[in-house]
2 protein chains.
Amino acid sequence: MTVTRRNGRDRIPPHPDVREIPLQQVLEALVDPVRRLIVSELYAAGADFSCGTIDLPVSKSTATHHFNVLREAGLIRQYYVGTSRMNSLRRDEIDEAFPGLLQALVGR
Amino acid sequence: MTVTRRNGRDRIPPHPDVREIPLQQVLEALVDPVRRLIVSELYAAGADFSCGTIDLPVSKSTATHHFNVLREAGLIRQYYVGTSRMNSLRRDEIDEAFPGLLQALVGR
DNA sequence: ACCAAAGTACGACCATCATCGAAGTTTGAC
DNA sequence: GTCAAACTTCGATGATGGTCGTACTTTGGT
C-alpha cells in the first residue's frame with residue numbers, strides 16, 4: 001500500500017479569510033467563553049503563543065477543538081514550531097471585516 | 001379563593017439594565033439570527049413596533065421566546081398598547097455598556 | 001532506536017436551546 | 001356579553017455543540 005509522507009507544511013490546515021466568513025459564524029465562534037478567553041489573551045499579549053501555553057479550564061482535546069473553531073472562522077492563524085502549534089490573532093483582517101467587533105468583545 | 005386582578009401595568013415584566021448584564025449573556029442573546037434580525041429591524045426603523053409587525057421565520061410562540069430573551073438581556077424595552085406588545089431598542093444603554101457592539105453587529 | 005512532549009482524531013455523552021402546537025389570557029370592539 | 005386579535009404559557013421534541021477519555025501521530029532529544 002501507499003505510504004503518505006508528511007512534513008511540517010502539510011500539517012497546516014486551511015485558513016479561510018475572515019472577510020469571507022459570515023457574521024453568523026464569527027459570532028458563533030466568539031460566543032463561547034473559552035474561545036473568547038483565547039482571543040483575549042492573544043489580543044492582550046500582542047504576540048503568538050502555543051496551544052499549551054495558555055491554561056484553559058478544559059481538557060487538551062477540547063482545547064484543540066476550540067482552536068480549530070477559531071481558525072475555521074478566520075480569527076486566528078496557526079503554524080507549527082516543532083511539536084508546538086503556535087497561534088496568532090488575525091487582528092487586521094478581523095478589524096477590516098467587522099470594524100469595532102474585536103474591540104467591543106475583547107477590550108473588555 | 002382569591003382572584004388576582006391585573007391591569008396593563010402589571011403585565012410588564014422585569015427590565016434589567018444592560019449595564020448589569022454580563023457580556024456573555026448579551027452575546028448569547030445576539031448570536032441567534034432571528035434575534036439579530038429583530039434588533040436590526042428596530043435599529044433600522046428607529047421606531048418601536050409590536051411583536052406581530054415584523055415578520056419572522058418562526059411561529060408566534062417562538063417569537064415570544066425571542067423577544068423575552070432580548071428583554072432579559074436588557075436589549076429591548078417592552079410595553080403594552082392594547083393587545084399589542086410594543087418593543088423598543090435600548091440603544092443608548094447598549095452603546096454605553098458595550099461601545100461599538102451594536103454598530104458592529106447590526107450596522108451590517 | 002527509544003522515549004517523552006505536544007497535539008490530534010474519534011466516539012460517546014449530555015446539557016442546552018430553538019422550535020412547535022395546543023390551550024390559555026388579556027384587551028378592545030361591537 | 002361575545003368574539004376576535006395578539007400574545008403567552010406549557011410541555012415535548014430534536015439538533016447542536018461543548019466536553020471528555022483513549023488511542024494515535026509527529027517531532028525533538030538522548
Side-chain angles (χ1 to χ4, degrees), chain A residues 2-15 22 24-39 48-73 76-88, chain B residues 2-15 22 24-39 48-73 76-88:
Chain A
T2 314
V3 175
T4 306
R5 300 223 161 268
R6 300 200 275 176
N7 58 23
R9 206 170 267 98
D10 289 342
R11 295 176 70 196
I12 300 174
H15 279 75
Q24 185 61 37
Q25 186 178 346
V26 172
L27 279 183
E28 280 165 7
L30 290 173
V31 77
D32 184 277
V34 174
R35 291 195 287 265
R36 231 169 38 255
L37 175 58
I38 295 172
V39 170
D48 304 359
F49 53 66
S50 71
C51 296
T53 303
I54 176 174
D55 109 298
L56 298 172
V58 292
S59 71
K60 274 205 299 182
S61 51
T62 300
T64 293
H65 166 65
H66 286 309
F67 281 104
N68 285 343
V69 171
L70 289 174
R71 190 197 64 245
E72 288 159 10
I76 62 172
R77 194 180 304 279
Q78 301 190 288
Y79 57 95
Y80 280 94
V81 174
T83 60
S84 292
R85 188 173 220 176
M86 301 297 295
N87 304 278
S88 75
Chain B
T2 313
V3 175
T4 305
R5 300 219 163 270
R6 301 200 274 180
N7 58 23
R9 206 170 266 99
D10 290 343
R11 294 176 71 193
I12 301 175
H15 280 75
Q24 185 60 38
Q25 186 178 346
V26 172
L27 280 182
E28 281 165 6
L30 290 173
V31 78
D32 184 277
V34 175
R35 290 194 289 265
R36 233 171 35 256
L37 175 58
I38 294 171
V39 170
D48 305 357
F49 53 66
S50 71
C51 297
T53 303
I54 176 174
D55 113 292
L56 299 172
V58 293
S59 71
K60 273 206 299 183
S61 53
T62 301
T64 294
H65 165 66
H66 287 309
F67 281 104
N68 285 344
V69 171
L70 289 173
R71 190 197 63 245
E72 287 159 11
I76 62 172
R77 195 181 303 279
Q78 301 191 289
Y79 57 96
Y80 280 94
V81 173
T83 60
S84 293
R85 190 174 218 174
M86 299 298 293
N87 305 278
S88 74

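All chains are named by letter (A, B, ...) in the order of the sequence lines, taking the proteins before the strands, and each is independently numbered beginning at 1.
- Contact detail for B/Ile76 and B/Phe67: the closest heavy-atom pair is CD1-O, 3.6 Å.
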Next item on the list: For A/Val39 and A/Arg35, run side-chain contact (heavy atoms from CB on, under 4.5 Å): C-alpha distance rounded to whole Å, both residues' side-chain angles, the deciding distance at 0.1 Å, then the answer.
Entry: CA-CA 6 Å; A/Val39 170; A/Arg35 291 195 287 265; 5.6 Å; no
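- Look at A/Thr62 and you'll find a side-chain N or O under 4.0 angstrom from OP1 or OP2 of D/dC20.
- Across the protein-nucleic acid pair, A/Leu30 atom CG and D/dG17 atom P stand 15 Å apart, rounded to whole Å.
- When distances run from any side-chain atom of A/Glu28 to the nucleotides C/dA6, D/dG17, C/dA9, the shortest one goes to D/dG17.
- Between B/Thr64 and D/dT9, a side-chain N or O to OP1/OP2 separation shorter than 4.0 Å is absent.
- In this structure, A/Asn87 places its CG atom 14 Å from P of C/dA6, rounding to the nearest Å.
- The side chain of B/Thr83 sits closest to D/dA6 out of D/dA6, C/dC20, D/dG18.
- Of all heavy-atom pairs spanning B/Asn87 and B/Ser50, the tightest one is ND2-C, 3.7 Å.
- Without hydrogens or angle criteria, B/Arg77 side chain to B/Met86 main chain gives no donor-acceptor distance under 3.5 Å.
- Applying the 4.0 Å criterion to OP1 and OP2 of D/dC7, one finds that B/Ser50 has a side-chain N or O inside that range.
- Regarding A/Gln24, its CD atom lies at a distance of 13 Å from the P atom of D/dT16, rounded to whole Å.
- With hydrogens and angles left out, the side chain of A/Ser61 and the base of D/dG21 share a donor-acceptor pair within 3.5 Å.
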Next item on the list: Before giving the answer on side-chain contact (heavy atoms from CB on, under 4.5 Å), spell out for B/Leu27 and A/Arg36 the whole-Å C-alpha distance, their side-chain angles and the decisive distance to 0.1 Å.
Entry: CA-CA 11 Å; B/Leu27 280 182; A/Arg36 231 169 38 255; 3.4 Å; yes
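- Distance, B/Asn68 CG to D/dT9 P: 7 Å, rounded to whole Å.
- For the pair A/Asp32 CG and D/dG18 P, the computed distance is 5 Å after rounding to whole Å.
- Straight-line distance from the CG atom of A/Leu56 to the P atom of C/dG7: 11 Å, rounded to whole Å.
- Rounded to whole angstrom, the span from the NZ atom of A/Lys60 across to the C1' atom of D/dT25 amounts to 12 Å.
- Residues B/Phe67 and A/Val58 both approach DNA chain D. Their nearest nucleotides, taken by heavy-atom distance, put B/Phe67 toward the 5′ side.
- When distances run from any side-chain atom of B/His65 to the nucleotides C/dG21, C/dA18, C/dG7, the shortest one goes to C/dA18.
- With C/dA18, C/dG7, D/dG18 as the choices, the nucleotide that has an atom nearest any side-chain atom of B/His66 turns out to be C/dA18.
- Rounded to whole Å, the distance from CG on B/Leu27 to P on C/dC17 is 14 Å.
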